[in-house]
Amino acid sequence: MNGEAKFVMIKKKAITLTVNERKYKFSVGNGFGDVAPSETLTHTLRRRLGLTGSKESCDAGACGCCAVISDGEAIASCMALTVDMDGKNITTIEGLEDPVNGLDPIQKAFIEEYAFQCGYCTPGIIIVAKALFMSNAHPTPEEIAEALSGNYCRCISQYTVLRALNKLAGNENAELATLTRANDEVKDPIPVRQELFLSPYANGHVCGHSLD
Ligand code: FES
Ligand code: FES
């Protein structure tokens, strides 16, 4: 040491995310505007990028409301740290609509079948379904139910969700044909739910959420 002050340049870490085909670069740290190491992907998408389609509900990986597609796979964005997503290709519900062809076929099927009520959980359900159909254009009813096993819908629209997705998959079987539309008279919905929804998708789990 010769007594001269030594300056060490600390390189700030930066991460890059591609979200709905747009590239974003973030600095990581605890300074103003930085992505903190503890920041979740839900937070980044909703509060930094204004993509509020993915909902923040349980914030614990239990409800599926915050689902996004990361490199082809549906993930709970509330359980992913943004710093760990460096280089990932993310699709949110806002990214599904095609500028030329309009809404995604899954979105169209949901509208056609009235497959939602509150709509709060719908973006997550559509995103999970999209990831499934991206890897398997003709999933079986069991594969659809299994894929949605991490999504919770607290109303009674599950059966129309399954009907929309099964129609899209080409599973026009007799069992599905017996289901009525959400706005039709439902005489005895409980046995229908018990019979068709064996997955946690409709297991009665209640998860509180706020509508902000
Ligand atoms: S908010 Fe992420 S799983 Fe519920
Ligand atoms: S559509 Fe949201 S709880 Fe059923």
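Whatever order the structure lists ligands and atoms in, that order sets their numbers, starting from 1. Everything quoted here is computed from the prediction, not taken from an experiment.
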Near [X], which atoms of ligand 2 are under 4.0 Å from a heavy atom of that residue?
{"X": "Gly119", "value": "1 (S), 2 (Fe)"}
{"X": "Ser157", "value": "1 (S), 4 (Fe)"}
{"X": "Gln117", "value": "1 (S)"}
{"X": "Cys121", "value": "1 (S), 2 (Fe), 3 (S), 4 (Fe)"}
{"X": "Cys118", "value": "1 (S), 2 (Fe), 3 (S)"}

Query raised in the report: Does Leu41 share a hydrophobic cluster with Met79, counting links as ILVMFWY side-chain heavy atoms below 4.5 Å and allowing steps through other members?
Result: no
**Report entry** For Asp59, atoms of ligand 1 separated by under 4.0 Å from a heavy atom
**Finding:**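 Those atoms are 1 (S), 4 (Fe).
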Requested in this report: Using a strict cut-off of 4.0 Å, indicate which atoms of ligand 1 neighbour a heavy atom of Cys58.
Outcome: 1 (S), 3 (S), 4 (Fe)
Query raised in the report: So, do Val68 and Lys88 sit near enough that their side-chain heavy atoms are less than 4.5 Å apart?
Result: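 SC-SC contact between Val68 and Lys88 ruled out.
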**Report entry** Single hit among Ile93, Asn151, Val161 for side-chain contact (heavy atoms from CB on, under 4.5 Å) with Ile126
**Finding:** Ile93
**Report entry** Proximity to ligand 1 by part of Thr42, non-hydrogen separation under 4.0 Å
**Finding:**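 Neither; no heavy atom under 4.0 Å.
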Query raised in the report: Relative to atom 2 (Fe) of ligand 1, which among Cys66, Ala62, Cys63 owns the nearest non-hydrogen atom?
Result: Cys66
Query - Shortest non-hydrogen contact from Ser38 toward Leu81 - result: O-CD2, 3.6 Å
Query - Stepwise side chain to side chain donor-acceptor pair (under 3.5 Å) test for Asp34 and Ser27 - result: CA-CA 5 Å; Asp34 291 343; Ser27 56; 2.7 Å; yes
Query raised in the report: Is it true that some N/O/S atom of Cys65, main chain or side chain, lies under 2.8 Å from atom 4 (Fe) of ligand 1?
Result: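 No N, O or S atom of Cys65 is closer than 2.8 Å to atom 4 (Fe) of ligand 1, so no.
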